[in-house]
Every structure is written in C-alpha cells, then in structure tokens.
Amino acid sequence: MNICVLSFFLQFSNQHNAGARGWQPAVCKMAELDADLDHILPSSVLPPFWAKLVVGFVSLVCFARSYDGDFVFDDSEAIVNNKVAGVVGRADLLGALFFLLSFLGYCKAFRESNKEGTHSTFWVLLSILLGAVAMLCKEQGITVLGLNAIFDILVIGKLNVLEMVQKVLHKDKSLENIRVLRNGGLIFRMTLLASGGAGVLYVRWKIMGTGPPAFTEVDNPASFEDSVLVRAINYNYYYSLNAWLLLCPWWLCFDWSMGCIPLIKSAGDWRVTAPAALWLCLIGLLCRALCSADRHRRRILTLGLGFLIIPFLPASNLFFRVGFVVAERVLYLPSAGYCMLLTFGFGALSKHTKKKKLIAAVVLGILFINVLRCVIRSGEWRNEEQLFRSALSVCPLNAKVHYNVGKNLADRGNQTAAIRYYREAVRLNPKYVHAMNNLGNILKERNELQEAEELLSLAVRIQPDFAAAWMNLGIVQNSLKRFEAAEQSYRTAIKHRRKYPDCYYNLGRLYADLNRHVDALNAWRNATVLKPEHSLAWNNMIILLDNTGNLAQAEAVGREALELIPNDHSLMFSLANVLGKSQKYKESEALFLKAIKAHPNAASYHGNLAVLYHRWGHLDLAKKHYEISLQLDPTASGTKENYGLLRRRLEQMQKKDV
C-alpha cells in the first residue's frame, strides 16, 4: 500500500502544480481524448524514469529487511513442500498485477483511437484476456471486468447518474436522447465484457466444479449465525475493520480467525458505531461521485470508489461464504482506490487553502509513517517466531496464534513453553483438534502417556476423519502395550487417508513387536511403495530380514533401497552388516567407509566396521576402529567386549611370535 501512496502522492504534486499554471498534457501533440484520460488518471510530476526510480527505491526500503527471511507460516505448504508450482505463494500479487494490466489495457483501447467514442477492439479483447489471467491467479481478478464496465459507462461515457435518475422520476421524454444510451460502441464493449466474463466463469466451473470449499465455524463465525440481522451487522463490522486497516495499518495479524474478532450480538455493543461511520463516509463519497456538478470530480471519485469497492466484493460474503473474517491480502487492490481518494482529497484541499506547504508536509508525513510501518512489518515476517509473537498483542483471543507460537517453540526444542501455548489454544477453542494432536505428541515424547491418550481420543471423537490423530493415538496405545487398540487405530487412520506411508511404517513396527514378521514386512513394503524415499521403512525391512536369517532377501532389499536413496548412510550401514555376514567383505568394507564418511561420529559405524575387520583377519584395522568407536561412545558394552577379545588375541599372537 505504501507504494500506492507514493505513486499517487506524485500525482497529487502534479495536481497541486496544475492549480498554479494550468493543466499541461505530457505530450503536446496528444489527441484530445488522450489528454482527457490523462486528466482522469494524471501522470506524475516527475519524468517517467525518475518516477519509477523513486517508487522502486521506496519499495526496496520497505521490504529490504525480509528479502533474505525464512519461509514462514503457509509458505511451507505453498512453496517449500509444493512440487506442481511454488508461484502459488504469489497468487495475490500476480492477481493484482494482471488486474491492473487489464484495466490499463482497457484504457489503452481509447488511447489508440483517434475519435472520441470509438475504441480499439484488439485492446478490449486483450483486456478481457488479462482479466481471465488475473482470475486464474486469484478469483477476485474477475472483478476487473466490472471495473472496466463502470469506468467505460461513467468515466469514458460521462454518464450523469443524477441527471438520468431525475429524468426517470419525471418521466422526461428526453431520456432516450442521453448520448451514452445511444452509443453503439459502448453497447458492443459491454457485450464483449459480459460474454468474456461469462466464458471465463464457465471455464472455471468446468475445471473446478460449482461446490464451494468446506469452511468451519471458526474460519468465519458470522456466516454460521442463524439470524440474518446478526450476520448483516457482523459483515458490516468486518467491512469497517478492513477500512480501518487501510486508514491505519498498525494492528496487523497473519490470521484473524478463531475468536480474534468476537461476534456482535447486541445493539448495545459499542462496535455497531463502526459500520455506521463507514456507511456515512461511503454514502457521502457516492453522492459526491454521482451527483456532483463538477464533471472532473465526479469521474475521479467514481474511479477511486470503483477500485476501492469492486475488487473487495468477492471477500464481502454477499455472494458466497468466504473462509476468513479479515484477510489483509484482499486489500491489495482496494488500497489503490483508497490512495486515489486520499490524493484527490488532499488535492482538493490544497486548492481551498493557502497553507499548501503544510498539506504537502502532511502527505509526506503519511507516506513516511506508512513506510515505517511497512519496514517494521517486513521485519516481523523474517521468521516465524517474530511473526507469531507479533500477533499475540493484536489477537490474544485467537487460538490459532497460540497454536502457531507453540508449534514454533516445539520445533526449536522448547517443549515446556510449547505445552503452555498448546494448552491455551485448547482452552480458547475446546474443539481445536490440531492443537490437541500436537499437545498429545509432546506428552507422548515426555512419556505422559495417559493424558496423551485422553487428548488424542478426544480429538478423534471431535473429528472422526482426523487421520494423523488416529495414527498418533495408535503410537500411544502401542507404548501402553494395548496392541489390539493400537492396530485398530492404525487401520482407522489408513481408512481415512489411504496413502499414508508413515502410518504403514508404524503399523509395521507394531507387527514386529508382536513377532508377526510377514505382516510387518508387508506394512513396510506398503510404506515404501507410497513413499519410495521412506528410509526408516527400508531400514526396518533390512534389519528384520537380517535378524531372521534371510540374508539373501535382506541383501536384495538393501540394494533396491540404495538405488532409490543412494546417499542414505543408514541404509549403507544396514546393507554393509548383511554383506559382512555373507562374507562379502570387500563390498561390505566399501559401504562401511562410505557411511562413515557421511556420518563420521557414529560410534556404531566404527564398531561394526571393526567387527568386519576382526572377522576378515585385518586385526590392526579392527583395533583402530574399536578404539575410535569407544572414544565416541565409551559405554558401548558390546564394543568393549569385542575389543577385549581382540586384545587378548593380539597378546597371544605376540607371545607366540616371541
């Protein structure tokens, strides 16, 4: 938004100067219509190159703090773990880019024409195409076609709505003589826009279907209220909050759901004044835009309000339920309209006062404050810890904020603090199954198995298709030696998520504990089929086959695994053990050395290589690796015993030589 403020401030400077010397088109030979468009969308007072340079420099200042920041929040799913295209993380910005290109293309359709009232069909069609691309990036991009229509009728067509309404009310016969209503070019363009919009929506419907996404009450609680009045009041309160974020973007939060904004359920709630204030302002602006005698003022206000309102409509809950209460990203495009209105307001004010320097100072102050806020917010997005903690002061009642703070703490190893935040998330939202699941996992790791089982059982009762909670419940039940219940939990998890390699892996571990070796191997094989890089499943298959004396099969599985995961040192180690037992010493030695190179501080790697050398008869090398292993892990009893045997043998050999 700060860049919009800057660019429109440059326009304000131009308007301010125009008041002193009169309007001068940027190009002297420009057609009359082109000059008229420039008056509606004025260029900056600076030459284009310098204007772009200033805007680019300020944008760097705004966002320089986070250019090398971490991938945070939903970046993990949208970018880091997304293999089809990570560009989805730029959906809102790309949608805004093509939205603006579509609008500028529509303006170009009139610039390319030499006669007033005519247009370039090529640019109209290109504008529709760019609008379709904007919609493919973000659904709200389709609204650019509506903006183009409003722009065409009210700004290009110069329709005076007040005059037309008056003629309709008085049944004036001259109504049919209104020029815009008899403009064949306008009707043709409206037909193209309507047909293009319908076609784009049809293609979208064919690809994605008509069913809306499934949202829960915590995502948008007002939309689940039975009372139409309560829904309407809260929707309007949400609009006022969005307007406030445009005016004063100080309280920003990465997520506004889960109790962040309590519902208004009483007329005595002081917050009902906010929607009233918003509508008073909007109605005032609309009246000025549609009824002002000043044609120039009418057209600029209309365009500013069009940019402010039309792109916001898909997020308004008017046409369908949306999955959020407030989402700052949907204000990218409306912020352009806000900046137009702000600039026009300061420009109009400067014409009616002699304190022009004071007004310029106020505008620069607003710009500076917004840039400062952007710099601060950019720093908060550098990493998840700062981002999540910044939300605690804005939305202390938001369970998701506490959940994310807890998750971040758990990822950094601070389980005690993480438990506190997870408990608070569950307190704020007693049905928050993801918080229960994560809290249950931590309690399981701390061996607090009874409470972990209670939490996970509650989570699956609340959401019976929560596969991850079923799997974690199975792990806890397995630890409690409740094997039948654990197997049932694993099976239920797989029922709800058929492609669940980690669950098959844990099911295999359960079967291995029960000595059901064939079932264990089958479960692990399923895990590797679903996830070929599942190293733990491959390793367990090799070890189980090795322990049961199936060395040939263990070797085959090990070689298959290394073909798929060639740099996994744990697989090298397991296969090296099998090859050593099969007396394939040379190949076993090569794998042990390769594993040690990848992970030199693994005591077991050195210890087992020493055993290989011991069997092979390379006693000096065996002694060397036994000693390295014991340096890394002095408590390894098996290595101590083998090292003692080797030393006695070496002493006997020395005595024999003597």
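We use all heavy atoms of the structure for the numbers below, so side chains are in, but hydrogens, waters and symmetry mates are not.
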Centres of the His534 and Tyr505 rings: under 6.0 Å?
-> yes
Sole candidate of Asn398, Val326, Leu397 that passes side chain to side chain contact (heavy atoms under 4.5 Å, CB included) when paired with Ile261 |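 Exactly one candidate clears the test, Val326.
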Pick out which of Val460, Ile462, Leu456 makes a side chain to side chain contact (heavy atoms under 4.5 Å, CB included) with Leu458.
->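 Of Val460, Ile462, Leu456, side chain to side chain contact (heavy atoms under 4.5 Å, CB included) with Leu458 is met by Ile462 alone.
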Begin with the C-alpha distance, continue with both residues' side-chain angles, and end with the deciding distance and a verdict on side-chain hydrogen bond (donor to acceptor under 3.5 Å, both in side chains) for Glu328 and Trp256.
-> CA-CA 9 Å; Glu328 294 152 16; Trp256 291 83; 3.0 Å; yes
Is it the case that [X] and [Y] place a side-chain donor and acceptor less than 3.5 Å from each other?
X	Y	value
Asn383	Asp70	no
His599	His569	no
Asp219	Ser257	no

Could you tell me the separation between the [atom1] atom of [X] and the [atom2] atom of [Y], rounded to the nearest 0.5 Å?
X	Y	atom1	atom2	answer
Lys581	Arg615	NZ	CZ	7.0 Å
Leu609	Ile596	CG	CD1	4.5 Å
Asn550	His517	CG	NE2	10.0 Å

Do Glu627 and Leu630 have side chains that get closer than 4.5 Å, going by heavy atoms?
-> no
Using a strict 4.0 Å threshold on nitrogen-to-oxygen distance, state whether Arg516 and Glu487 make a salt bridge.
->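 A salt bridge is present here (some side-chain N lies under 4.0 Å from a carboxylate O).
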Is it true that Glu384 and Lys407 have a side-chain N and a carboxylate O under 4.0 angstrom from each other?
->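 Lys407 and Glu384: not salt-bridged.
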Answer yes or no: does atom NZ of Lys623 have more than 12 heavy-atom neighbours from other residues, nucleotides or ligands under 6.0 Å?
-> no
More than 12 heavy atoms of other residues, nucleotides or ligands under 6.0 Å from CZ of Arg389: is that the case?
->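 More than 12 within 6.0 Å, yes.
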Would you sort out whether Asn472 and Asn437 count as a side-chain hydrogen bond (donor to acceptor under 3.5 Å, both in side chains), showing the intermediate values?
-> CA-CA 8 Å; Asn472 291 323; Asn437 179 58; 2.7 Å; yes
Evaluate salt bridge (charged side-chain N to carboxylate O under 4.0 Å, His left out) for Arg497 paired with Asp465, printing each intermediate quantity in order.
-> CA-CA 8 Å; Arg497 189 193 298 178; Asp465 62 348; over 6 Å; no
Do Ser59 side-chain atoms and Gly56 backbone N/O form a donor-acceptor pair below 3.5 Å?
->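 Checking the backbone N and O of Gly56 against the side chain of Ser59, a donor-acceptor pair under 3.5 Å is found.
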Does Lys400 offer a backbone N or O that forms a donor-acceptor pair with the side chain of Asn404 under 3.5 Å?
-> yes
Would you say the SG of Cys253 sits under 2.5 Å from the SG of Cys395?
->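 Cys253 does not pair with Cys395 as a disulfide (SG atoms not under 2.5 Å apart), so no.
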Give the C-alpha distance, both sets of side-chain angles, the deciding distance and a yes or no for side-chain hydrogen bond (donor to acceptor under 3.5 Å, both in side chains) between Ser390 and Arg377.
-> CA-CA 9 Å; Ser390 70; Arg377 186 60 174 164; 3.3 Å; yes
Qualifying ring pair (Phe, Tyr, Trp, His ring centres under 6.0 Å) pairs with a residue from residues 390-412, counting only residues at least two apart or across chains =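 Output for this query lists Tyr403-Tyr422, Tyr403-Tyr432.
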